[in-house]
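Quick notes on the structure that follows.
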Amino acid sequence: MTSLANRPTPPRSDGDGPVPGPLPPRLTRSLVGRWALFVVMVLVAVVMLYPFWVMIATSLKSEAQFLSGGGFSWLSWRNLSATLPLGQEVLSSTIVCSVSIAVILLVGLPAGFAFSKLRFRTSTTVFLIIVSAMMVPLQAILMPEFVNVTRLGLTGGYAGAIVVYASLGTPFSVFLFATYFRSVPDELIEAGIVDGLGYVGVLRRLVVPIAVPAIATVTVLQFIQIWDDLLVGLLFIQNTSERPITVGLAVLAAGRTTSIPELMAGSLVSALPAMVVYLGFQRYLVKGLTMGIDR
Amino acid sequence: MAQINLDAVTKVFGDTRVVDDLSLNVADGEFMVLVGPSGCGKTTALRMLAGLEDVTSGTISIGGQVVNNVLPKDRDVAMVFQNYALYPHMSVEKNIGFALKVRGDSKNEVKRKVADAAAILHLSEYLDRRPKALSGGQRQRVAMGRAIVRNPRAFLMDEPLSNLDAKLRVEMRLEIARIQRLLGVATVYVTHDQVEAMTMGDRVAVLRDGKLQQVDTPQRLYDHPDNEFVASFMGSPPMNLVRCQVRAGAQRVEIVVGAQTVELPWRYASSHDLPQSGGGVVVGVRPEDVTVADGSAPNTLRVRVERREALGAEILVHLSNLEADGVLAAREESALRLVAKMGPREQIAVGDEVSVRISPEHAHFFDATSGRTLRRE
């Protein structure tokens with residue numbers, strides 16, 4: 001620890017612009033640090049963005065151009081839309097995603113609120129049981145789940161996949177909402193109650209507006225997970241007319257001859273929505289992880 | 001507007017009686033302060049009034065109606081919270097008008113009432129702001145606004161000033177008292193600050209460990225405390241409490257402090273249930289009732305100045321008694337520590353040996369074991 005007296009005195013400025021002379025050592029160090037950081041971030045960005053560049057560049061070539069290395073063509077996009085019902089598949093993915101997320105939010109938000117703000121017996125135990133469900137990987141319960149859903153007769157269309165996605169995503173959302181609401185002062189809820197609201201009113205008029213960052217966080221994370229998932233869609237959505245985009249892509253890749261440019265075009269279509277959602281909600285996402293409600 | 005009655009109200013959390021057999025009447029329009037150290041049950045009592053806590057036993061009634069099982073929203077009381085609990089996603093205007101909107105008042109009516117409340121609280125120019133963009137004092141005003149706009153039957157305030165800095169606290173203290181008088185609504189105000197209690201309350205209820213110690217006007221609490229706790233809690237610095245022997249003889253009452261004896265007026269023997277001669281008692285003296293006297297005057301105590309705290313308008317002087325031979329009393333049972341409040345011009349320095357006089361008119365006597373006052377009613 002340097003004492004106050006030992007510190008280098010900053011150059012005096014009389015208001016006539018910067019004072020010439022060497023920068024104080026701390027400033028130099030911080031400049032070097034910032035440049036090093038910048039270089040590292042550029043490298044990371046290249047590593048992250050390169051696959052996208054490959055996807056875009058490759059999708060704009062024909063098979064022959066891809067093998068030879070040069071040229072430009074819309075052929076793979078045309079072929080892709082001819083082989084795959086792209087619109088239908090994107091729609092399917094959207095339906096499965098949005099309904100699942102709606103269920104996850106509708107269950108997770110009130111449950112998280114109840115676990116963090118209402119006092120009831122066994123609340124801690126029940127909460128721990130629900131949260132421990134987060135530890136169970138999908139693969140471990142896939143077969144029994146498949147049997148159950150088949151017995152319920154839900155493996156044809158969207159319903160089965162939605163049930164599976166919602167039940168897999170809910171524990172996390174309960175956990176996230178409960179944690180988030182713990183940072184909301186009890187007095188805020190009590191103020192609402194004294195002001196004339198019941199619990200439902202409190203939930204609707206106070207808790208939901210305050211929880212927007214948490215809602216955004218759950219939405220983005222679940223959207224990315226569900227949109228990009230292949231396994232559940234492949235197993236539980238058996239009607240070809242209702243299959244999501246990831247399953248469509250898998251079909252494309254599983255053909256006897258796979259056209260790489262077409263696959264890249266399809267991958268791009270599949271990857272874009274997740275990126276758009278992420279970028280759109282990013283502002284809330286950061287807030288959701290850092291924001292508490294202070295006095 | 002209504003009066004509030006608590007009748008033998010008790011609250012038990014686990015094994016702890018947080019509020020123990022509390023009976024209290026707050027008249028219509030009265031400003032009642034609940035004061036006590038932290039953990040004395042004052043906030044719990046307030047929360048039971050608001051309906052945020054169940055009552056274990058006893059009854060609470062507001063305006064003659066028993067409200068034990070009435071939901072908070074149907075009690076028609078407004079509460080101001082310690083951390084204000086403003087709705088962060090609403091503007092000042094919406095915050096103040098929220099309860100009215102929930103109640104179903106028309107838009108115009110809400111607007112008019114919010115404007116009236118904002119005018120009283122000098123908030124009119126901030127109506128569009130979010131709570132985040134307000135200073136502490138302004139947030140406090142919004143919290144008040146939220147309460148007064150409803151014109152409720154009672155105000156409940158839970159340490160509303162404790163988050164403000166000292167200057168603002170004095171300002172808002174006056175402000176809250178002014179608004180309460182203006183609206184004439186029965187108010188229960190919880191604080192741990194005895195200055196707030198003294199300055200704001202029409203009456204003050206002192207609590208300790210969930211039990212009501214005394215309820216009275218601030219001045220009577222100060223002048224006639226019922227027990228040692230009230231005596232030492234009300235007033236800053238607190239009352240000097242001295243364990244000593246009392247000697248009541250022919251037409252005289254004497255107290256023995258270490259090796260020194262002070263004679264007090266004979267009337268104390270008739271106004272107080274003093275113990276038999278030689279019995280122990282706790283004598284209470286307010287710091288302002290200890291004054292420097294001429295050494296040759298009778299009934300003075302020889303003391304040494306240990307510490308001197310100049311507060312500007314007054315000086316607090318910490319004193320220790322001397323034994324007869326001029327040495328400092330060392331033994332615990334005869335050692336006396338006194339705090340005296342003196343005028344700013346008093347020439348007194350640390351280490352001085354002086355004689356002090358205890359104002360004979362203002363001595364208090366408490367039972368040495370129970371701490372209860374020995375004053376006859």
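Chain letters run A, B, ... following the sequence lines, proteins first, then strands; residues in each count from 1.
Scored by the salt bridge (Lys or Arg N to Asp or Glu O under 4.0 Å) test, Arg103(B) finds Asp105(B) as partners (sequence neighbours excluded).
Between Asn83(B) and Pro185(A), the shortest heavy-atom contact is ND2-CB, 3.8 Å.
Environment of CZ in Phe127(A): crowded, with over 12 heavy atoms of neighbouring residues, nucleotides or ligands closer than 6.0 Å. Atom NZ of Lys111(B) has 12 or fewer heavy atoms from other residues, nucleotides or ligands within 6.0 Å. Counting heavy-atom neighbours within 6.0 Å of Phe38(A) CZ, excluding the residue itself, gives a total of 12 or less. Around atom CZ of Phe175(A), no more than 12 heavy atoms belonging to other residues, nucleotides or ligands sit under 6.0 Å away. For Phe52(A), the CZ atom counts as loosely surrounded, since its 6.0 Å shell holds 12 or fewer non-hydrogen atoms of other residues, nucleotides or ligands.
Only the side chain of Phe81(B) comes within less than 4.5 Å of a heavy atom of chain A; its backbone N, CA, C and O stay farther away. Residue contact with chain A, scored on non-hydrogen atoms closer than 4.5 Å, is absent for Ala143(B).
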For Lys73(B) and Asp195(A), run salt bridge (charged side-chain N to carboxylate O under 4.0 Å, His left out): C-alpha distance rounded to whole Å, both residues' side-chain angles, the deciding distance at 0.1 Å, then the answer. CA-CA 6 Å; Lys73(B) 65 189 174 86; Asp195(A) 269 353; over 6 Å; no
Evaluate Met79(B) against Glu187(A) for side chain to side chain contact (heavy atoms under 4.5 Å, CB included), listing each step before the verdict. CA-CA 10 Å; Met79(B) 187 154 173; Glu187(A) 286 87 347; over 6 Å; no
Is there a side chain to side chain contact (heavy atoms under 4.5 Å, CB included) between His89(B) and Leu206(A)? Walk through the geometry before answering. CA-CA 8 Å; His89(B) 58 295; Leu206(A) 298 180; 3.9 Å; yes
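By number of non-hydrogen pairs under 4.5 angstrom with chain A, the leading residue of Arg150(B), Lys101(B), Arg75(B) is Arg150(B). Residue with the most contacts toward chain A among Asp74(B), Val102(B), Asp158(B): Val102(B) (heavy-atom pairs, distance under 4.5 Å).
The shortest side-chain heavy-atom distance between Val194(A) and Arg146(B) does not fall under the 4.5 Å cut-off. For the pair Ile210(A) and Tyr87(B), the minimum side-chain heavy-atom distance is 4.5 Å or more.
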Side chains of residues 52-62 of chain B: which donor-acceptor pairs under 3.5 Å do they make with residues two or more places apart or in other chains?
from: Glu53(B); atom 1: OE2; to: Arg47(B); atom 2: NE; distance (Å): 3.1
from: Glu53(B); atom 1: OE2; to: Arg47(B); atom 2: NH2; distance (Å): 3.3
from: Thr56(B); atom 1: OG1; to: Val12(B); atom 2: N; distance (Å): 2.9

